[in-house]
Structures are given as C-alpha cells and as structure tokens.
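Protein chains get the first letters and strands the later ones, always in sequence-line order, with residue 1 at the start of each.
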Amino acid sequence: MSVIEISGLTRDYGNGKGVFDVSFAVEQGEVFGFLGPNGAGKTTTIRHLMGFLQPKTGSCKIGGRDCFKAADKVQASLGYIPGEIAIFDDMTGTEYLSFAAKYRGLKDGARKKELIERFELDPRGKLKKMSKGMKQKVGIVAAFMHDPEVLILDEPTSGLDPLMQNRFIELIDGERSRGKTVLMSSHMFEEVERTCHRVGIIRNGRLAAIDSVSALKAAQLKKYAVTFESETAAAAFLKEPFSCVGYAGNAVTATVQNDITAFIAALNKYPVVNLSAPALSLEEIFMKYYGGNGNV
Amino acid sequence: MFNLTLYKKELKGLVKTLVIIGAVLTLYVSVIITMYDPEAMALLDGYVEMLPELMAAVGMSAGATSLVGFMASYLYGFLLLIMPMVFAVLCGNKVIAKYVDKGSMVCLLAAPVKRRAVAVTQLAVLLSGIVMIAVYTTVLELAVAIGSFPGELEVGKLLLLNLGLLCLQLFIGALCFFASCLFADGKYAFGAGAGVPALMFILRMLANTGGKAEWIRYVTFFSLFNPGKLIAGSGFAIAGIFILLAAAIGLFVGAIAVFNKKDLNI
C-alpha cells in the first residue's frame, strides 16, 4: 500500500525554478531517498507534502488524505525535520520540547527522554545560542518524540558530526524495522545508500530516475586520481583498458563503474605513490541518469 | 479552533512589551491627569495660544472645561493613540508574519493543529493584548482621576471614550494582522502593517493643524474616533467607533481566510 503518493505535481516559480510533473509513491515500511543537488526542488516537493503549499496542478496524499486540505489529520501521525531548523529563538531546548509535546497533545514523554539520551543532547541552553548541530538534535527529537507512522526528513543529518550521523542512521534502521514509512532527502548519495531501499533522483525540478539502491550502486561512477612514480609508468598505465579522464605528468585520473577489482589489479603492476578518490557531484556519479550535459 | 498551549506561550512572550507600555502609560497618564487644575489649564491653554498649530497637531486644544474634557483633549490626542498603536503593530506583525519569515511557523503547522486554529489563537493573543492595555488604561485613569479629584470625573463619559479608543485600536490591530497574514514577504507585512497606521497618524496631525489641510481629515481613519465629539454625545462620533469595530471584525475574518489558503514557503 502506498503511504505517500505524489502525482503530477507541478509548481512553476519561473526561471526554470520549481517542480515539474513530479510523481512517485512510497510504500508502507519503505525508506525512500530523495536525492538531488541544492535547488533541485526537494524542499519544494516536501513543502507540498507538509501542506505548506497547495499544489497548483497534481496532488499530494499521505495515508490517502490530501496533504493540504486535511493537513491536521495527516500531521497527527507524521514527523518532520525541516531543512533548516527554525525554532522559537527565545526558548530553551527544554522549554521548546515540552511546548511542542503539549501543543501536539502528547502525554507520554518516555520516547522524548530516550531520544535525548540517544543523541546525547543537553537541551537546557537557549535555542538562539545553540550550534547548528545542537539545534538539529532538538529538531530530530521533536520529529520523532510522538512516534509517528510517517517521517519526512529534509536533509536530516546536516550539522551532525559523524558519530551522531551514525546514531541517526541506527534510528532510521530501527524505524524501518518497526514498519515506519520514511522519505528522506539528501544531496549526498552516501547518506541515502546506507539507509534507503529506493531512491528518486531529482534535477532541475524534474524526477530524473527512481531506482533501487542496488541498481544505483551498480550505475555509480567512481573516480580515482592516481600518482605514479614516474611519467613513463603513467604513460604505460594509460594503455590499460580504463577510461582515463585526466592525464598530466605522472598523474592520471580514471573513472571506474563496476570493475574495481580489475582496476586494483592493473594498478598493482605499476609503481603507485598515491591514490585518492576526489569528491564527485551527484551529476558526475549518476552521469547515466543525468545524461551528458552536466548543467549543474 | 483554539490551542491553549500556544496561547499561553504567546502571552508569556508579550509580557515584557506589555510591562513597558504599561509603565509609560502609568507615568504619563498620572502626570497629565494631576495637572488638571484651573491654573495649569491656563498654562496649557497659553501654549495653545502661542503655538496653536503644534499643539493642535498633537491633538491638544484649549478650553476643556471638565476633567473628562481635559483628558479627552490632552490624553486622547497623542499618547493614548500612539502607545496602544505601537503594541498593535508589533504584536500584529509578530504573531503571524514574523514566524513565517523566520520559519518557526513550521513548528506550529507541522502538528495536528488546523491552520485556522493557529490563526485564531494568534488573533486571540493580539486581541487579549489590546484589551489588556485598554482595561489597564481605564482602571489607571479612574484611579488617578478619582483619587486626585474626587467627584469631578464623569465616569460614563470616560468609559465611552475608552470604548471608542478600544475600537480604534482593534481596527489598527486588524490592519496589522491582515497585512501579517496577507504578504508572503515579512518586509511587506511589516511595511504595510506599520506604515499604513503611521501614515494615517501623520495625516491626522496635519489635518488637525486646520486651515487648508482640513480636508485631509476625510482621508485618515483616525477621524472616525473623535474624543471631543464622543463625550459631547454626537451621533456621528458614536457611529464612527462602530464603523471602526465593524471594519476590524471584517479584517479579522478576512485575514484568517487568507492565511488558511496561503502558500507558505517555510
């Protein structure tokens, strides 16, 4: 059963900004990754799901209910982490969390306590004075404390240190095993590949692809920068059957799609002094989906 | 249709502003009322004679014979207009537009609370503040006037005066609240909510100087609240305050409807 359903959603902000004819569905118990570079339309789509924006064309439904018209009913079993945590500045974290619980009509504080401990959050300070990561933790607690059935998470790990990012992934895994439905946006493939079943890739407001994480991994392009001991070694390596995208002196940059073992085996034959994997943009990773023109 | 938790939180957030406004009112109102005595009246009237245009611009005119007439002319021309107006502008902007602009409206809408309920609650906060100021002003005036000049004050007339002032302030609050709900950009919401009342107030000051500028009084809504005519029992003046009240109610209803349908980029 589809819990989240978006069909034919369009909102044109002009200048090519907005979302255009976006349709996808997230099934009960599924963790869906919503991947795209900044400004691709992730947050706009999410605002429609949250009932902040009313669809101009198309529709958004959660649990069979219209996200705008029945926003209050949809929200009853929904948890949300906004892309940018903006909470009432003048409150402390403790005050805000107890306000948010009462505002929702939440009686049971056990889960709130458990989440605060899980993320080692000290919510006593003023929100105004909190760091980005601290505020993010407050946002996470507020989103999960009423144990919602559906979670909409807009770049949920931004600002968290690697340790807390791992805790967050554990939290999502736990929710997944409890049958919760999750939509999680990100601009990094590494973030969604660890938690999601399926991933939708959005670009310039249009859905470029929806595929399983395993299929995306297979299509994922990896880039390696290799420095050889000598220019002759580098020149000799160029003859190997890999796609070399850069070559200067004794340094070669190659892209590899699947056959990393063959690549390593080939490298072994030459005197390598350094090997690094430069960070790639989503477009570079998913050239296959994005097509040649990397109009980022 | 109403969220008590939100109401309490918002009222708590207004305490500081209300205390400051209350303190200024206390000081000014008690000083002005205690100045009422024939000699001081002569002094004030002397100013009016010397600087007729300036004194008229701030709503003061000579020849107030009774205590309530004195108050109508020296309190309801400037201070009692401007202080509650400052509150209405700040609060009207804060309860909706500021939260939308800063993004904290997300916290209120990402919860099983209807948008209409959020708007109604925030409106109730604004109304509570305006009414609290009006009630405080009335009690303060009664206390000071009766305490200083027993038997001098026509209480009924003062209450009518304050009812009129309340209607005016509700209307100003309604303008700000409407602007707060209408504009997507916080700048415009504050610009319209603060700018329109401020402009109307300046026009009122101009119109009061009389002469050629007299026609301006037909442009500004402040003319619908006429303290002098109100205590004189003029039917027009009484109609004026009810027009303000009716317009305020209309704007409140409209503002909630607008907010209910609005696209929020939060």
Check: What do you reckon, is OH of Y188(B) surrounded by more than 12 foreign heavy atoms closer than 6.0 Å?
Finding: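 Not more than 12 within 6.0 Å, no.
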
Checklist line | I130(B) CD1 to C176(B) SG distance, which is reported to the nearest 0.5 Å | finding: 8.0 Å

Looking only at heavy atoms, which two atoms of [X] and [Y] are closest? And how far apart?
X       : Y       : answer
L165(B) : F225(B) : N-CE1, 3.3 Å
V192(A) : G33(A)  : CG1-CA, 4.1 Å
G77(B)  : L81(B)  : O-CD1, 3.4 Å
I85(A)  : G139(A) : CD1-CA, 3.8 Å

Next item on the list: Measure centre to centre between the rings of F178(B) and F252(B), then say whether the value is under 6.0 Å.
Entry: no

Next item on the list: Would you check if the distance from the ring center of F24(A) to the ring center of F32(A) is below 6.0 Å?
Entry: yes

Which atom pairs, one donor and one acceptor, sit under 3.5 Å between chain B and chain A?
| from | atom 1 | to | atom 2 | distance (Å) |
| --- | --- | --- | --- | --- |
| N3(B) | ND2 | Y103(A) | O | 3.4 |
| L108(B) | O | Y103(A) | OH | 2.7 |
| A110(B) | O | R104(A) | NH2 | 3.2 |
| K114(B) | NZ | D72(A) | OD2 | 3.4 |
| R115(B) | NH2 | G51(A) | O | 3.0 |
| R115(B) | NH2 | F52(A) | O | 3.1 |
| D263(B) | OD1 | R11(A) | NH2 | 3.4 |
| D263(B) | OD1 | Q54(A) | N | 2.8 |
| D263(B) | OD2 | R11(A) | NH1 | 3.1 |
| D263(B) | OD2 | R11(A) | NH2 | 2.9 |
| L264(B) | N | F52(A) | O | 2.8 |
| N265(B) | OD1 | Y13(A) | OH | 3.0 |
| N265(B) | OD1 | R47(A) | NH1 | 3.4 |
| I266(B) | O | R47(A) | NE | 2.7 |

Notebook entry, point to check: Looking at V74(A), L53(A), L78(A), I152(A), which has the largest count of heavy-atom pairs under 4.5 Å with chain B?
Noted result: L53(A)

Checklist line | L4(B) versus chain A, the contacting section by heavy-atom distance below 4.5 Å | finding: neither

Item checked: Part of V118(B) within contact of chain A (heavy atom distance under 4.5 Å) -> side chain

Note to self: Report which part of A100(A) has an atom under 4.5 Å of a heavy atom belonging to chain B: side chain, backbone, both, or neither.
What the structure shows: neither

Notebook entry, point to check: What part of I87(A) lies closer than 4.5 angstrom to a heavy atom of chain B: side chain, backbone, both or neither?
Noted result: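 Both the backbone and the side chain of I87(A) come within 4.5 Å of chain B.
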
